[in-house]
J.: 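This structure is in C-alpha cells; I'll ask about it shortly.
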Amino acid sequence: MRILSGIQPSGTLHIGNYFGMMKPAIELQARGECFYFIADYHSMTSLTDAAERRRNSLNVALDFLACGLDPKRSVFFRQSDLPEVCELTWILGSLTPMGLLERAHSYKDKTAKGISPNFGLFAYPVLMAADILLYNANLVPVGRDQKQHVEMTRDIAIKFNQAYGETFVVPDPEIRAEVATVPGLDGQKMSKSYGNTIDIFGDEKATRKKIMSIVMDSRTPQESKPDADKNLAVQLLKLVAPAEVSADIENRLRAGGYGYGDLKKALFEHYWACFAPYRARRAELAANLDYVDQVLKDGASRARAVASGVLKTARQACGLE
Ligand code: ADP
Ligand code: TRP
C-alpha cells in the first residue's frame, strides 16, 4: 500500500497540523510505503515572500523529521524538486470541470474572506490531484478540511481513466475522527490563518502566556462543571496528556473544587512535556543542515523513480507520446 501526504510551508506548524496530519502520517510508516512532501508549489498561492518560503520549507523539514518522520522508511521530498507534477497538473486540469473547482470549500472560504483569488488558488485542487496521482497513492492521511480535495482527486482520476483508459489509482482519504478538527485558542478550527494556534515548537514563555489567556466562563473553582468535556482546554489536554491524567482532571472539574487556572497550567505542562523529546531532536537536526539537505535530495530521487514511470504511462495514454 502506498501512503502519501503533503504539508504547505506557508507558516509555522501548529499542534492542529501535528495531531490532524503529521502524527497519523508518522504512525502510518508502519503500514505501508510512505511518500511525504513539502508542498512549496501550493504555498505560492498564498505566500509571495521568497525568503519566507525558503525558511518555512526548512522548518517544515526540521519539524517533520524531529517528530518522527524516518527518511529510511519514508520518501521525504520537496514538491518543486519534481516539476513533473506541473505537467500532470496541466493534463488533469484539461479534464477538470470548472464547476468542480467552483464548489471547492477552501476556495470559497478564502474568497469569502476577501482574498482576491489568483489562477493558482483556483487550480489548487488540480495540483493536489497531480501530487497524489503521480505517485499511485492509495491512502492520503489529512485533517477533515482536506477531505473534499481528496474527493476531487478521485473524481479527476476517474474522469481520466474513463477518457483515456485505466491509468491512475483512485485514492482514499484517511481522516482520524478524534483529531479531524483540532480547535484553536478561540474555539474555531486551529489554523495559521486565524492567529489562534499553539505551535509545535513554540517559545516556552510565549506559549505559556497564550495558554493561560484562553478565555473561560466565570464559574469559580468550587463550582461543579458538568459540561467539562466541552471545555476547550480539556479537549486540548486530551491530545497532549496521558488518558488517565485528562480523565482525572475532567472528573475533578465535574465534581467542583478544581479551577480553570489549574486546568490551564496542566495543559501547558503536558503540552511542553509531550513535545520535549522532539524539541531536543529538532535542535540536533538544526545543527546538521547538510544532513537535512541530503535527506531531501535522496527523497527527490526516490520520488522521481516512481513519478517518471507514472507520468510516461499517462502521457502515452492521452496521446502525447
Ligand atoms: P492551516 O489551516 O493552519 O493553514 P494547513 O492547511 O497547512 O493548515 O494544513 C496542513 C495539514 O494539517 C492538513 O492535512 C490539514 O488537514 C491538517 N490540519 C490543519 N489544521 C488542522 C486542525 N485544526 N485540525 C486537524 N487537522 C488540521
Ligand atoms: N492541500 C494540503 C494542505 O493544505 C497540502 C497538500 C498538497 C496535500 N498536496 C497534497 C495533502 C497531497 C495531501 C496530498 O494541507
J.: Which value, rounded to the nearest 0.5 Å, describes the distance between Ile249 atom CD1 and Arg254 atom CZ?
T.: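 Between atom CD1 of Ile249 and atom CZ of Arg254 there are 13.5 Å.
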J.: May I ask you to decide if the ring planes of Phe268 and Tyr271 are parallel, tilted or perpendicular, using 30° and 60° as cut-offs?
T.: tilted
J.: Suppose we screen for salt bridge (charged side-chain N to carboxylate O under 4.0 Å, His left out). Which residues come up paired with Asp186, at least two apart in sequence or across chains?
T.: none
J.: Does Glu223 reach the main-chain N or O of Thr220 with its side chain, forming a donor-acceptor pair under 3.5 Å?
T.: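 Yes: the side chain of Glu223 pairs with the backbone of Thr220.
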J.: Does Glu102 pair with Lys108 as a salt bridge, N-O distance under 4.0 Å?
T.: no
J.: Would you be so kind as to tabulate the donor-acceptor pairs closer than 3.5 Å made by side chains of residues 312-319, with sequence neighbours excluded?
T.:
residue, atom, partner, partner atom, Å
Lys312, NZ, Glu321, OE1, 2.8
Thr313, OG1, Gly309, O, 2.9
Arg315, NE, Glu321, OE2, 2.8
Arg315, NH1, Glu87, OE2, 2.5

J.: For the pair Ile214 and Leu232, evaluate side chain to side chain contact (heavy atoms under 4.5 Å, CB included) and give the outcome as yes or no after the intermediate values.
T.: CA-CA 9 Å; Ile214 296 176; Leu232 174 64; 3.8 Å; yes
J.: Can you tell me how far the CD1 atom of Ile156 sits from the CG atom of Leu100, to the nearest 0.5 Å?
T.: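 Rounded to the nearest 0.5 Å, the CD1-CG separation comes out at 6.0 Å.
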J.: So, do Met22 and Leu69 sit near enough that their side-chain heavy atoms are less than 4.5 Å apart?
T.: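 When only atoms from C-beta onward are counted, Leu69 and Met22 do not touch, as no gap falls below 4.5 Å.
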J.: Excluding sequence neighbours, so at least two apart, what forms salt bridge (charged side-chain N to carboxylate O under 4.0 Å, His left out) with Glu151?
T.: Lys147
J.: Any side-chain heavy atom of Leu58 sitting closer than 4.5 Å to one from Leu289?
T.: yes
J.: Give the ring-plane orientation class for Tyr18 versus Tyr278, where under 30° counts as parallel, over 60° as perpendicular and anything between as tilted.
T.: tilted
J.: In sequence, state the C-alpha distance, the side-chain angles, and the governing distance for Lys225 and Asp217, and then conclude on salt bridge (Lys or Arg N to Asp or Glu O under 4.0 Å).
T.: CA-CA 10 Å; Lys225 300 161 188 81; Asp217 59 63; over 6 Å; no
J.: Between Lys189 and Asp145, is there a side-chain heavy-atom distance shorter than 4.5 Å?
T.: yes
J.: Between Asn138 and Arg2 (side chain of the first, backbone of the second, donor and acceptor by atom type, cut-off under 3.5 Å), is there such a pair?
T.: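 Present.
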J.: Verify, without hydrogens or angle tests, whether Ser5 (side chain) and Pro141 (backbone) share a donor-acceptor contact under 3.5 angstrom.
T.: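 Side chain of Ser5 to backbone of Pro141, a donor-acceptor pair under 3.5 Å: yes, one is there.
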J.: Taking Lys264 for the side chain and Ala233 for the main chain, is one N or O donor matched with an acceptor at less than 3.5 Å?
T.: no
J.: Extract all donor-acceptor atom pairs below 3.5 Å that involve side chains of residues 174-184 and protein atoms in other chains or at least two apart in sequence.
T.:
residue, atom, partner, partner atom, Å
Arg176, NH1, Glu27, OE1, 3.2
Arg176, NH2, Glu27, OE1, 2.9

J.: For Phe168, does the six-membered ring have the charged nitrogen or CZ of Lys159 within the cation-pi criterion, i.e. under 6.0 angstrom from the centroid and within 45° of the normal?
T.: no
J.: Which atom names give the shortest non-hydrogen contact between Gly16 and Met190, and what distance separates them?
T.: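 In terms of heavy atoms, the two residues are closest at N-SD, 3.5 Å.
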J.: Mind checking whether Ile3 and Val140 have side chains closer than 4.5 Å, heavy atoms only?
T.: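 Contact flag for Ile3/Val140 side chains = no.
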J.: Does Lys265 pair with Glu269 as a salt bridge, N-O distance under 4.0 Å?
T.: no
J.: Under the side chain to side chain contact (heavy atoms under 4.5 Å, CB included) criterion, do Val306 and Phe35 qualify, and how do the steps go?
T.: CA-CA 11 Å; Val306 175; Phe35 281 59; 3.7 Å; yes
J.: Is a salt bridge present between Arg302 and Asp298, judged by a nitrogen-to-oxygen distance below 4.0 Å?
T.: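 No salt bridge links Arg302 with Asp298.
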J.: Assess, by modelled atom type and distance only, whether the side chains of Arg54 and Asn59 contain a donor and an acceptor separated by less than 3.5 Å.
T.: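 No - no donor-acceptor pair under 3.5 Å links their side chains.
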J.: Just by distance, do the side chain of Gln148 and the backbone of His105 share a donor-acceptor pair under 3.5 Å?
T.: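 A pair under 3.5 Å: yes.
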J.: How long is the span from the CD1 atom in Ile211 to the CG atom in Leu237, to the nearest 0.5 Å?
T.: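 Atom-to-atom, Ile211:CD1 and Leu237:CG are 10.0 Å apart.
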J.: Under the side chain to side chain donor-acceptor pair (under 3.5 Å) rule, what do Asp131 and Gln79 come out as? Steps first, then yes or no, please.
T.: CA-CA 8 Å; Asp131 286 328; Gln79 184 186 31; 2.9 Å; yes
J.: Hey, could you give me the CZ/CG distance between Arg282 and Leu285, rounded to the nearest 0.5 Å?
T.: 8.5 Å
J.: With side chain to side chain contact (heavy atoms under 4.5 Å, CB included) as the criterion, how do Met128 and Met152 come out once you've worked through the C-alpha distance, each side chain's angles and the decisive distance to 0.1 Å?
T.: CA-CA 9 Å; Met128 183 155 159; Met152 293 165 101; over 6 Å; no
J.: List the atom of Ala130, the atom of Thr89, and the distance in Å for their closest heavy-atom pair.
T.: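 Closest approach of Ala130 to Thr89: CB-OG1, 3.5 Å.
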J.: Just so I know, are the side chains of Ser106 and His149 near enough to count as touching, which here means a heavy-atom distance under 4.5 Å?
T.: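 Contact flag for Ser106/His149 side chains = yes.
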J.: Indicate whether the side chain of Ser43 and that of Arg53 have a donor and an acceptor atom separated by less than 3.5 Å.
T.: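 Note: Ser43 and Arg53 side chains meet the donor-acceptor criterion.
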J.: Of all the heavy-atom pairs spanning Ile26 and Gly68, show the shortest one and how long it is.
T.: CG2-O, 3.6 Å
J.: Side chains of Asp70 and Gln29: any donor to acceptor distance under 3.5 Å?
T.: no
J.: Checking Ser57 against Asp40: is there a side-chain donor and acceptor pair closer than 3.5 Å?
T.: no
J.: Go through the steps to decide whether Val310 and Leu133 satisfy the test side chain to side chain contact (heavy atoms under 4.5 Å, CB included), and finish with yes or no.
T.: CA-CA 8 Å; Val310 176; Leu133 303 181; over 6 Å; no
J.: Short question: side chain of Lys23, backbone of Cys67 - any donor-acceptor pair under 3.5 Å?
T.: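 Looks like no, no N/O pair under 3.5 Å.
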J.: Using atom types as modelled and distance alone, determine if a side-chain donor or acceptor of Arg31 lies under 3.5 Å from a backbone N or O of Met1.
T.: no
J.: Should Val234 and Asp229 count as side-chain neighbours, where that means a heavy-atom distance under 4.5 Å?
T.: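 Side chain of Val234 against side chain of Asp229, heavy atoms only: no contact under 4.5 Å found.
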J.: Is the shortest distance from a Lys or Arg side-chain nitrogen in Asp227 or Lys230 to a carboxylate oxygen in the other one below 4.0 Å?
T.: no
J.: Backbone N or O of Pro9 within a donor-acceptor pair of the Asn56 side chain at under 3.5 Å?
T.: yes
J.: Rounded to the nearest 0.5 Å, how far does CG of Leu82 lie from CG of Leu88?
T.: 12.0 Å
J.: In a check of ring-ring contact (aromatic ring centres under 6.0 Å, His included) between Phe77 and each of Phe64, Tyr135, Tyr36, which one passes?
T.: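 When ring-ring contact (aromatic ring centres under 6.0 Å, His included) is applied between Phe77 and each of Phe64, Tyr135, Tyr36, only Tyr135 qualifies.
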J.: Does His14 offer a backbone N or O that forms a donor-acceptor pair with the side chain of Asn17 under 3.5 Å?
T.: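 Checking the backbone N and O of His14 against the side chain of Asn17, a donor-acceptor pair under 3.5 Å is found.
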J.: Ring of Tyr260, cation from Arg219 - is the NZ or CZ under 6.0 Å from the centre and inside 45° of the axis?
T.: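 Arg219 over Tyr260 ring: no.
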J.: Could you check if a side-chain atom of Arg78 sits within less than 4.5 angstrom of a side-chain atom of Phe37, using non-hydrogen atoms only?
T.: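 No - every pair of side-chain heavy atoms lies 4.5 Å or more apart.
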J.: Between Tyr107 and Phe122, is the ring pair (Phe, Tyr, Trp, His ring centres under 6.0 Å) condition met? List the steps.
T.: CA-CA 7 Å; Tyr107 176 76; Phe122 190 63; 5.1 Å; yes
J.: Determine, for Arg154 against Asp172, whether the closest basic-nitrogen to carboxylate-oxygen distance falls under 4.0 angstrom.
T.: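 Yes.
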J.: Test of understanding: with salt bridge (charged side-chain N to carboxylate O under 4.0 Å, His left out), list the residues that count as partners of Asp155, not counting sequence neighbours.
T.: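 If we apply the salt bridge (charged side-chain N to carboxylate O under 4.0 Å, His left out) test to Asp155, skipping adjacent residues, there are no hits.
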J.: So, does Ser191 use its side chain to make a donor-acceptor pair with the main chain of Ser193 at under 3.5 Å?
T.: yes
J.: Write out all pairs satisfying side-chain hydrogen bond (donor to acceptor under 3.5 Å, both in side chains) with one or both partners inside residues 201-210, taking only residues at least two apart or from two chains.
T.: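 For residues 201-210: none.
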